[in-house]
Amino acid sequence: MGFSEKEMKEILSRDIQISDTVNDRLKDTYKMLKTQQKQERKKPRRRFSYTAAAIAAAACLAIPGAAYAAANLDFFDAMFGNTTKKSTPVIETEQDTGKTNEDGTPKMAHVTLPSHEFVSVDPQKAQDLTGGGCMDKPVEKKLGDHTLCIENMVYDQNGAVVYFTLERSGGVTMLVGNDDTNVRKGAYLSQDRTYGFSFNATDDIFAGYNIYVDTEKSTQDKMYCTAYMLWSESLPKEGVFPQLCIQKYPYSIKERDDKVIAYNTGEAGDEVLEELEEFDRKTETEEIALTDQNPIPVQKTGSVRYSPISIGIDLSAGFRLTKEEAYDPGNLSYLEIKYKDGSSYVVSDRANNIENSGYVLGGVSEVWYETAFNRIVDVNEIQEIIVNDVTIPVK
């Protein structure tokens, strides 16, 4: 619903160089829309119970209760294993900045893409560590001529991992994802769409996420995807549940973005703001609960909390960083989990361009740094956790 300041800047940077005047108008537009969105959130919104989600899922698959997870252990391999996920080395490449040189050619910037390693997983052990998963049945929804099916999900207070498929006869056009997006910022929704989907949690808690596309299994007509997610604030131990959020727009996102660009470049007047407000009013939103089970428990050691799927760290506590510095995930330069058997999982090593995480988020729940793991972690076998140059023993 609506669009963020970051989205607007990305839209503008693709087409024009942003001047100070345009930036001022951009901020004014964003403030207006942000206020309007807050007002919308105060209105009663339809909530969907788990029963409703189960009914919606019936067309996708019907296997009773806990038997669903046991009968689909391959979901855990798809979410956490390396059967089809590709490990990649450090990549030195060029990226289009969205600006142009004096001769009209695209202005490029050098980019170093860190390495990513995926490891094998024992699906049964993954199921045991996560408590068997958090979904009893898949959830299927029609998004125009696309079919979205949430196949499985596990979640904790920090984030979640969701396995889903997106299908359309004649080719999937709603989501853009390939080997290139897998090593960059993940798959993204296309601009020509009139439907959208995202993930959040009850109590207006939002999720940031990175979508990895299984390019080995995917076909033109069906994409198999894993979404690594982190919540905008920590979930309580019970009573707040993950949701699938579906948006139906009155017209395409591209048309909406064109209006934003026209306003911020001065090509259109204030009447465009009314049109953008109307776009939000006419956008239909449906929220569907994905589970009624409580999250995977997290364990806490000092300023670190962790589970088999994620880790959260208060960088302002014991790491010689101010609260302001702790908000920036860039101030975590090294993160490693060492196990009792002498092996280790290097989650992040900036000096050596290693990034073995599914998604990273900073500034969460005051000063928490969060990482969604790209593998299952046996929390019972952790000996110590190293954050930057600080070693934290795990009892």
Side-chain angles (χ1 to χ4, degrees), residues 1-15 29-30 33 36-37 40 45-46 48 56 60 98 138-151 162-182 184-200 206-215 218-229 243-264 272 275-288 290 359:
M1 179 174 144
F3 39 94
S4 67
E5 186 173 19
K6 180 181 177 183
E7 285 178 311
M8 284 188 185
K9 287 188 175 179
E10 287 178 347
I11 292 165
L12 290 170
S13 66
R14 286 197 299 269
D15 296 275
T29 309
Y30 177 67
L33 290 170
Q36 191 267 335
Q37 287 175 3
E40 287 291 321
R45 292 190 295 173
R46 183 181 178 188
F48 290 80
C60 191
V139 172
E140 182 180 279
K141 291 297 296 181
K142 291 290 292 183
L143 309 181
D145 55 359
H146 285 75
T147 300
L148 173 68
C149 191
I150 309 300
E151 299 278 9
V162 176
Y163 183 62
F164 69 92
T165 62
L166 188 62
E167 189 172 4
R168 175 180 176 270
S169 178
V172 174
T173 58
M174 179 180 292
L175 186 68
V176 179
N178 48 41
D179 287 331
D180 187 55
T181 63
N182 284 343
R184 293 179 183 265
K185 296 182 179 180
Y188 56 92
L189 295 172
S190 69
Q191 293 295 97
D192 292 329
R193 60 192 166 88
T194 55
Y195 281 84
F197 67 92
S198 58
F199 300 95
N200 59 27
F206 298 91
Y209 49 90
N210 173 61
I211 297 176
Y212 184 98
V213 177
D214 179 347
T215 56
S218 296
T219 64
Q220 179 182 351
D221 293 346
K222 189 171 185 177
M223 297 176 72
Y224 294 80
C225 308
T226 302
Y228 299 96
M229 298 164 41
Q243 299 181 131
L244 168 67
C245 184
I246 303 294
Q247 301 91 16
K248 181 180 179 182
Y249 305 114
Y251 47 85
S252 76
I253 293 297
K254 184 180 185 306
E255 292 177 78
R256 182 203 67 181
D257 291 348
D258 287 344
K259 293 179 186 294
V260 174
I261 293 172
Y263 175 75
N264 287 304
V272 170
E275 294 177 12
L276 292 172
E277 288 179 338
E278 185 179 19
F279 180 94
D280 271 0
R281 285 195 299 270
K282 289 186 176 181
T283 295
E284 300 175 15
T285 301
E286 178 183 5
E287 292 176 327
I288 305 163
L290 294 176
Y359 186 64

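We number each residue from 1, following the sequence as shown. Atoms considered below: every heavy atom in the structure, side chains included; atoms not considered: hydrogens, waters and symmetry mates.
The line from OG1 of T194 to CD of Q247 is 11.5 Å long, rounded to the nearest 0.5 Å. In this structure, R256 CZ and Y251 OH are separated by 8.5 Å, a value rounded to the nearest 0.5 Å.
Side-chain polar atoms of D192 and S252 form no donor-acceptor pair below 3.5 angstrom.
Among all heavy-atom pairs drawn from S218 and Y224, the shortest one is OG-N, 2.9 Å. The minimum heavy-atom distance between L148 and F197, with the atom names listed, is CD2-CG, 3.8 Å. Summarising the geometry of C225 relative to V213, their closest heavy-atom pair is SG-CG2, 4.1 Å, with the distance given to 0.1 Å. In this structure, T283 and F279 approach most closely via the heavy-atom pair OG1-O, 2.7 Å. Contact detail for N200 and F206: the closest heavy-atom pair is CB-CA, 4.1 Å.
Residues Y209 and Y228 keep their aromatic ring centres 6.0 Å or farther apart.
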Identify each donor-acceptor pair in which a side-chain atom of residues 162-173 lies under 3.5 Å from a protein atom, sequence neighbours left out, and give them as a table.
residue: R168; atom: NE; partner: D145; partner atom: OD2; Å: 2.9
residue: R168; atom: NH1; partner: G171; partner atom: O; Å: 2.5

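For K254, the salt bridge (charged side-chain N to carboxylate O under 4.0 Å, His left out) test picks out D258, with sequence neighbours left out. Every residue two or more places apart in sequence or in another chain was checked for a ring pair (Phe, Tyr, Trp, His ring centres under 6.0 Å) with Y188, and none qualifies.
By the neighbour-count criterion of 12 heavy atoms within 6.0 Å, atom NZ of K248 is sparsely surrounded, having that number or fewer from other residues, nucleotides or ligands.
Between E255 and K259 there is no salt bridge, since no side-chain nitrogen of the basic residue lies less than 4.0 Å from a carboxylate oxygen of the acidic one.
Tested against T215, the residues D179, N182, D180 include a single side-chain hydrogen bond (donor to acceptor under 3.5 Å, both in side chains) partner, D179.
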